Amino acid sequence: MAERYDHKSIEGRWVKQWEDDDLYRSKVDWSKPKHYALTMLPYPSGDLHIGHWFAMTPSDARARYMRMKGYNVLFPMGFDAFGLPAEQAAISRNIHPWKWTYANIERMRGQLRSMGTMFDWQREAISCTPEYYHWTEWFFKRFYDNGLAYRGEALVNWSPTLQTVLANEQVIDGKDERTGQPVIQKLMTQWFFKITQYADELLDFSKLDWPEPVKIMQTNWIGRSEGARVTFRTERGESIEVFTTRPDTLWGATFMVLAPEHPLVEAITSDAQREAVQAYQSAAARATEIERLSEDREKTGVFTGGYVINPVNDERIPIWVADYVMISYGTGAIMAVPAHDQRDFEFARKFDLAVRVVIQPEGENLDGATMPEAVPGSGVMVNSGRFNGTPSNGEKGRKNPAISAVIDWLAEQGIGSESVNYRLRDWLISRQRYWGSPIPMIYRQDGTMEPVAEVDLPVELPSDVEFMPTGRSPLTYHEPFLNTVDSQGNPARRETDTMDTFMCSSWYQYRYLSPDFAHGPFAPEEAAYWLPVDVYTGGAEHATMHLLYTRFFAKAMRDLGMFDDAAAIMQQHGRSPNALFDEPMLALRNQGQVLGAERIGDFIVATGEFDETGKLFASHVEVIDSAAAPTSVENGIAGELMRRVENVLSIDYNGEWVTVEVLPDAEVIIPAIEGVNRVEQLKHHLDIQRMSKSKGNVVNPDELVSQYGADSVRAYLMFAFDWEKGGPWDPKGIQGVIRWINDIWDMVTAGAPAGPSNPAAERVIRRKLHQAIEKVSNGLERFSFNTSVAALMTLRNDIKTVLRDGGVGSAVWHEVMNGMLRLMAPFAPFVAEELWACLGFPYSIHQQDWPAYDPAIAAEDEVELVIQINGKVRDKIVVPADISEEDAKAAALATEGAQRFMEGQTPKKVIYIRARYMVNIVI
RNA sequence: GGGGGAGUGGCGGAAUUGGCAGACGCGCAUGACUUAGGAUCAUGUGGAGAAAUCCGUGCGGGUUCGAGUCCCGCCUUCCCCA
């Protein structure tokens with residue numbers, strides 16, 4: 001008897017063997033078709049968690065499949081290594097971000113190797129190395145030189161106490177998450193990329209095989225709206241421009257609203273209103289944008305005392321300030337048409353402003369004074385001077401005759417023009433942080449600025465820095481970094497902002513091509529062969545930001561000629577570069593999220609003394625069997641432990657949560673755990689939710705791998721979930737794949753069966769193999785990994801059945817094992833390699849071809865014909881697979897089940913579905 | 001608030017996209033083997049019913065010979081928001 005399956009004795013050995021042999025080294029080879037498979041690179045937080053395994057190992061399985069299908073596959077890995085956590089570790093634990101990050105990367109590399117992935121480590125890229133951020137800076141400079149980077153004002157989270165800017169994730173409920181100090185919204189000068197210049201092109205998804213939801217989210221994010229810009233004039237002569245998608249309602253504007261940050265607010269505010277307006281402005285600064293945009297929030301605002309003339313009817317209307325208007329959207333000013341816009345309506349009703357109907361819906365007679373809500377739909381223009389009677393059909397932009405006519409008239413009159421507005425704003429890349437790529441700009445003494453010369457790149461981050469507990473970037477007080485000279489040799493100051501880490505991840509797919517290339521971000525020879533990325537996998541949470549940014553990068557790089565060399569080389573090799581550089585990733589697939597498992601808390605009886613509030617101070621706590629739970633306890637309670645914070649328990653006592661404080665000298669009894677028990681050993685209830693350390697529901701992949709082996713963990717992750725959906729982790733379910741792998745091990749190591757061969761049995765076993773080839777391949781193509789593994793398990797079951805009945809000779813047995821192991825190789829690369837070697841097939845299984853599917857071998861001789869009466873199954877018979885439609889219908893009508901339900905009636909219709917071998921008799 | 005998903009046995013999930021609902025696995029049950037079992041093997045497993053059969057894909061309508069799948073209206077829940 002061969003030895004039992006032991007993952008520990010094989011996995012480490014093959015990792016080393018594969019590395020020694022450079023098995024996964026990917027090199028340009030124009031004689032083979034290429035496949036660039038990319039999976040989102042991790043942030044080096046310290047430990048690989050199960051989510052990384054869930055994201056990466058199925059992607060790896062698919063990359064392996066593509067390789068066996070004959071593609072030259074590039075499947076690289078790296079680290080997105082700049083970012084806030086490293087800086088926070090530096091502040092709280094006094095470790096330099098560099099050291100912290102590198103230690104984490106070292107650790108994670110080891111973990112990544114244990115996964116059995118085919119990453120080509122010679123292409124690893126780490127975004128926080130000077131070799132990498134040299135080119136991040138270079139991109140900035142090129143964008144700046146070409147007008148794609150500029151300085152502008154933006155609202156930032158400003159902590160007045162710390163005198164520093166905070167990232168969005170550092171602000172919770174308008175307060176600094178660490179210190180609890182209030183945070184306000186403040187306008188500051190920041191660096192931007194002109195992503196809006198590409199807004200229209202970014203709306204074009206025609207070249208992309210991307211999930212529909214991602215395309216919809218990006219479309220909404222960009223938020224293109226067509227309308228008009230109209231210029232209003234104040235009584236004192238200032239002009240205020242507004243953007244509106246509904247110029248057909250201009251005659252219904254009864255007031256104007258400016259964002260609190262609008263630059264004209266100060267000028268138009270009357271002295272009487274000044275105090276109120278200023279108070280309102282500072283209150284608005286404390287609200288976040290999400291709060292301000294919330295529609296169910298009570299509308300607030302204040303009258304400025306100023307008036308503006310509506311240019312379409314010369315009416316004098318009041319100007320208000322309200323925070324539901326954003327300075328960053330449109331022009332920061334709106335004409336308010338309360339009759340036809342719900343937000344304006346609520347505002348008007350609250351402050352008792354006029355409501356005038358200008359679009360009368362057909363068959364209705366709306367009255368501004370009494371209508372209960374805004375009516376935004378279609379109708380006929382009224383109260384609109386010369387436009388009265390024009391139909392407004394509810395369509396947007398030029399498709400609406402009313403809007404179209406008004407736009408033309410506005411242009412004629414010179415008071416407005418057709419305009420397109422986007423919700424998308426330019427990409428704010430400034431971060432007031434240390435641990436990011438420096439922005440290579442220099443401020444001269446005269447106040448002008450210039451980019452750092454290309455030969456002086458990269459501007460390196462100084463390493464001798466001290467972190468202040470305020471969180472202020474050390475670059476702002478690091479004199480040697482700050483002081484430099486401009487191109488003329490005059491003293492100058494460096495920019496201290498660093499770049500958003502989304503910058504680094506917008507172009508990493510190019511750095512992987514040639515991580516050591518010193519003459520540019522990537523080598524054109526590599527880019528010509530590998531680009532673009534064929535399939536990109538990662539989390540759906542990146543649907544808008546990261547994926548829009550990287551698309552913007554690709555388009556900007558194309559327009560700045562950065563792909564020209566690659567395109568020329570591509571052409572030399574006879575491949576057309578046409579449209580290949582418009583988009584960075586042709587196909588995209590998102591995996592879901594692995595959630596924490598649900599767990600029932602310990603059932604507890606606690607006794608002690610209650611205080612007057614009903615809180616129990618327990619001197620005795622005992623875990624019992626929930627079936628034996630008493631409904632009432634003298635001087636105590638019994639129920640499931642729902643939560644525990646140190647020694648304070650929350651117990652579900654007959655539906656009510658009771659707080660129990662366990663006294664320090666209390667007796668704790670947990671029968672399942674030997675010895676003296678502690679409160680900390682009690683298990684509390686866990687809901688299905690995201691894994692996090694604080695919830696205590698984290699699954700540690702290292703432990704799983706050491707216990708069950710990487711093959712089992714990989715296969716289980718692929719088997720247990722719909723990959724694009726994810727779901728709760730079930731710790732028991734892994735038994736199924738462990739049994740499967742053990743079965744395969746035992747089956748192969750047992751060797752070919754002795755005894756005579758029987759052609760019928762051999763035909764069956766080969767048929768099952770080929771049916772599996774079809775299903776496994778199909779699952780991999782569709783990222784439906786669970787059905788692929790299920791097909792492999794079905795194959796296992798079928799082979800076991802056939803082998804038990806006997807009749808399979810050695811040659812066919814070897815053929816079937818050979819095919820099955822190759823099908824397994826993407827999912828369980830270690831055990832497949834080991835068993836492959838064990839059968840004496842040539843090394844390595846991962847360099848073999850994918851098994852070829854032969855439909856003739858897979859075809860069944862006989863099939864089951866399903867007979868339905870009015871869509872309900874009434875009988876089933878076995879018929880030859882090549883049965884004709886006439887024969888199938890005749891056989892169906894003759895069945896006992898059909899006869900019984902037809903009761904002698906003549907069928908109205910008989911429908912035959914050949915693909916399903918199904919007859920439906922309609923009576 | 002806005003945007004995007006998802007609801008199928010006790011559980012994770014299948015269903016060739018309009019064609020036998022529940023593949024595969026977990027769990028559970030019964031039996032076998034064993035000094036022992038959180039091992040292994042066999043059989044069964046959506047619900048009701050003795051059976052014929054009926055009911056079943058979040059809820060309510062609709063289209064169709066036929067609906068988990070398409071349409072209309074709800075409910076619940078998860079994710080994202082510079």
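As the structure is a computational prediction, the values presented were derived from the model and not from experiment.
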Looking only at atom types and distance, does a side-chain atom of A:Gln218 sit under 3.5 Å from a main-chain N or O of A:Leu203, one as donor and one as acceptor? no
A:Arg714 to A:Trp53, cation-pi by 6.0 Å centre distance and 45° axis angle: no
Could you pick out which residue, A:Arg874 or A:Phe721, lies toward the 5' side of RNA chain B when each is mapped onto its nearest nucleotide? A:Phe721
What nucleotide among B:rG5, B:rC55, B:rG13 has an atom nearest to a side-chain atom of A:Pro213? B:rG5
From CH2 of A:Trp723 across to P of B:rA6 the rounded distance in Å is 16 Å
Round to the nearest Å and state the distance from A:Ile50 atom CD1 to B:rG12 atom C1'. 15 Å
I'd like the C1' distance from B:rU34 over to B:rC41, given in whole Å. 12 Å
Using the test side-chain hydrogen bond (donor to acceptor under 3.5 Å, both in side chains), find all partners of A:Thr550 that sit at least two apart in sequence or belong to another chain. A:Gln509
Given the P atoms of B:rG47 and B:rC65, what is the spacing between them in whole Å? 34 Å
According to a 3.5 Å limit on both distances, what stems of 3 or more consecutive Watson-Crick or G-U pairs are formed with RNA chain B? B:1-7 with B:75-81, B:10-12 with B:24-26, B:27-32 with B:40-45, B:46-48 with B:53-55, B:58-62 with B:70-74
Quote, to the nearest angstrom, the P distance that separates B:rC28 from B:rA39. 9 Å
A:Lys908 NZ to B:rU64 C1': how many Å, rounded? 14 Å
By salt bridge (charged side-chain N to carboxylate O under 4.0 Å, His left out) - contacts of A:Lys350 (at least two apart): A:Glu298
Every protein N/O within reach of nucleotides 43-49 of chain B N/O, cut-off under 3.5 Å:
none

Please confirm whether A:Tyr716 and A:Trp740 have ring centers closer than 6.0 angstrom. no
Validation row, ring centre A:Phe143 to ring centre A:Phe553 under 6.0 Å: yes
Classified by glycosidic angle (syn within 90° of 0, else anti), B:rG58 comes out anti
Can you list everything that forms a side-chain hydrogen bond (donor to acceptor under 3.5 Å, both in side chains) with A:His542? Sequence neighbours excluded, please. none
At 4.0 Å (heavy atoms only), tell me whether A:Arg900 reaches a base, stays on the sugar-phosphate, or touches nothing. sugar-phosphate
Counting any heavy atom closer than 4.0 Å, what does A:Gly897 reach on the DNA or RNA strands: base, sugar-phosphate only, or nothing? nothing
By ring pair (Phe, Tyr, Trp, His ring centres under 6.0 Å) - contacts of A:Trp210 (at least two apart): none
Given B:rC41, B:rG4, B:rC65, identify the nucleotide with an atom nearest to the side chain of A:Asp743. B:rC41
What's the gap between B:rA21 and B:rG56 when it is taken at their C1' atoms, as a whole Å value? 9 Å
Interatomic distance where CZ belongs to A:Arg423 and P belongs to B:rG1 [whole Å]: 17 Å
B/S/- contact track for nucleotides 17-36 of chain B, protein heavy atom under 4.0 Å: --BB--BBSSS---------
Nearest to the side chain of A:Asp722, heavy atoms from C-beta on, is which of B:rG5, B:rG13, B:rC65? B:rG13
Sequence neighbours left out, cut at 3.5 Å: what donor-acceptor pairs do the side chains of residues 778-786 of chain A make with other protein atoms?
{"from": "A:Asn778", "atom 1": "OD1", "to": "A:Arg782", "atom 2": "NE", "distance (Å)": "2.8"}
{"from": "A:Asn778", "atom 1": "OD1", "to": "A:Arg782", "atom 2": "NH2", "distance (Å)": "3.4"}
{"from": "A:Glu781", "atom 1": "OE2", "to": "A:Tyr65", "atom 2": "OH", "distance (Å)": "2.6"}
{"from": "A:Ser784", "atom 1": "OG", "to": "A:Asn786", "atom 2": "OD1", "distance (Å)": "3.4"}
{"from": "A:Ser784", "atom 1": "OG", "to": "A:Thr787", "atom 2": "OG1", "distance (Å)": "2.9"}
{"from": "A:Asn786", "atom 1": "ND2", "to": "A:Phe721", "atom 2": "O", "distance (Å)": "3.3"}

Mind checking the P distance from B:rG18 to B:rC26? Whole angstroms is fine. 33 Å
Please name all residues satisfying side-chain hydrogen bond (donor to acceptor under 3.5 Å, both in side chains) with A:Glu201, sequence neighbours left out, ordered by chain then number. A:Lys555, A:Arg558
Distance check needed: B:rC81 P versus A:Phe502 CZ, whole Å only. 8 Å
For B:rU17, does the O4'-C1'-N9-C4 or O4'-C1'-N1-C2 angle fall within 90° of 0, making it syn, or is it anti? syn
Comparing nearest nucleotides in RNA chain B, the 5'-proximal residue of the pair A:Ala720, A:Gln593 is A:Ala720
All side-chain contact (heavy atoms from CB on, under 4.5 Å) counterparts of A:Gln899, not counting sequence neighbours: none
How many Å lie between CG on A:Leu595 and C1' on B:rU77, as a whole number? 12 Å
Test of understanding: with ring pair (Phe, Tyr, Trp, His ring centres under 6.0 Å), list the residues that count as partners of A:Trp191, not counting sequence neighbours. A:Phe140, A:Tyr144
Just the rounded figure in Å: distance from C1' of B:rC79 to CG of A:Asn220. 15 Å
Could I get the full list of side-chain hydrogen bond (donor to acceptor under 3.5 Å, both in side chains) partners for A:Asn157, not counting sequence neighbours? A:Asn168, A:Gln185
For nucleotides B:rA15 and B:rU57, find the distance between their C1' atoms and express it as a whole number of Å. 11 Å
Could you give the distance separating B:rG4 and B:rU8 at their C1' atoms, to the nearest angstrom? 22 Å
A:Lys775 near the nucleic acid: base, sugar-phosphate alone, or nothing, with a heavy-atom cut-off under 4.0 Å? nothing
If you measure from the P atom in B:rU63 to the same atom in B:rC72, how many Å do you get, rounded? 15 Å
